[in-house]
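First listed ligand is number 1; within each ligand, the first listed atom is number 1.
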Amino acid sequence: MPQTETPSRHGLVILYTGNGKGKTTAALGLVMRAWGHGLRCCVIQFIKSERGRWGETLAAERMGIAWHALGEGFTWQSEDLARDRAKAEEGWALAQAEILSGNHDLIVLDEFTYPLRYGWLDVRTVVDWLRTHRPPEMHLLVTGRDAIDELMELSDLITEMRAIKHPYDTGLAAQRGIEF
Ligand code: ATP
Ligand code: MG
């Protein structure tokens, strides 16, 4: 039930992790809920390639949501570790700037567990920075598989998506509006 009084704001660190599908879409569902209440939202996607015909980027454009996709993102099969590391640092610098900007009430760092898991960013440094710099009333939502202990410690809310069935397992193709 919607509350009639505005409750006091306490920023949460939220983590959607696990091997099941739904982490990014759950994050975007939360963005939609927050946006409906006039919260200013920002999404930074660490993996998604270009700002192309993804349904969510098309929606974000219409909703006026700040949105960053980090170009080609990571290619963790690539031999070019220096490039992956540089890309991760670029994304993290952008995230820091957005967190400090005062322009957002909810920031989503989509697929942010990967640069931490792959060691392109130092987990301790990142988590310590978040602990000391995140405005206390700002919500921060991280998605990605293989969450790291330090990040889980920092989080107030963690949900693990568990894969039970996925249409790819039976050879079904990606469906528009469901996958992209
Ligand atoms: P979504 O963006 O649909 O919410 P997600 O963020 O939970 O998914 P990711 O781990 O980011 O999932 O993976 C992205 C891609 O991997 C998606 O195309 C998704 O359908 C696919 N995927 C996710 N879980 C599985 C699974 N258990 N088996 C096969 N493919 C999967
Ligand atoms: Mg995802």
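For atom 8 (O) of ligand 1, the nearest non-hydrogen atom from the set G22, A163, A174 comes from G22. Nearest-residue assignment for atom 13 (O) of ligand 1 (options E56, R145, K21; heavy-atom criterion): R145. Proximity annotation for atom 28 (N) of ligand 1: of H166, M161, E111, H166 comes nearest, heavy atoms only. Across the listed options T17, T25, D110, L28, T25 owns the non-hydrogen atom lying nearest to atom 4 (O) of ligand 1.
Side-chain contact, D110 with T143: a donor N or O sits under 3.5 Å from an acceptor N or O. Looking only at atom types and distance, the side chain of Q96 has no donor-acceptor partner in the side chain of H133 under 3.5 Å away.
The aromatic rings of W54 and F180 stand perpendicular to each other, their planes meeting at an angle above 60°, with 30° marking the opposite boundary.
Atom CZ of R33 has 12 or fewer heavy atoms from other residues, nucleotides or ligands within 6.0 Å.
Rounded to the nearest 0.5 Å, atoms CZ (R117) and CZ (R145) are 13.0 Å apart.
At least one N, O or S atom of T24 sits under 2.8 Å from the Mg ion (ligand 2).
Considering backbone and side-chain N/O of E179, one or more are found under 3.5 Å from N/O of ligand 1.
Between N19 and ligand 1 there is a heavy-atom distance shorter than 4.0 Å.
Taking the Mg ion (ligand 2) as reference, the nearest N/O/S atom within E111 carries the name OE2.
Residues passing the ring-ring contact (aromatic ring centres under 6.0 Å, His included) test with H10: none are found, sequence neighbours excluded.
In the hydrophobic clustering of this structure, M161 does not group with V142; members are Ile, Leu, Val, Met, Phe, Trp, Tyr whose side-chain heavy atoms approach within less than 4.5 Å, directly or through other members.
Atoms of ligand 1 found under 4.0 Å from any heavy atom of G20, numbered from 1 in the order shown, are 7 (O), 24 (N).
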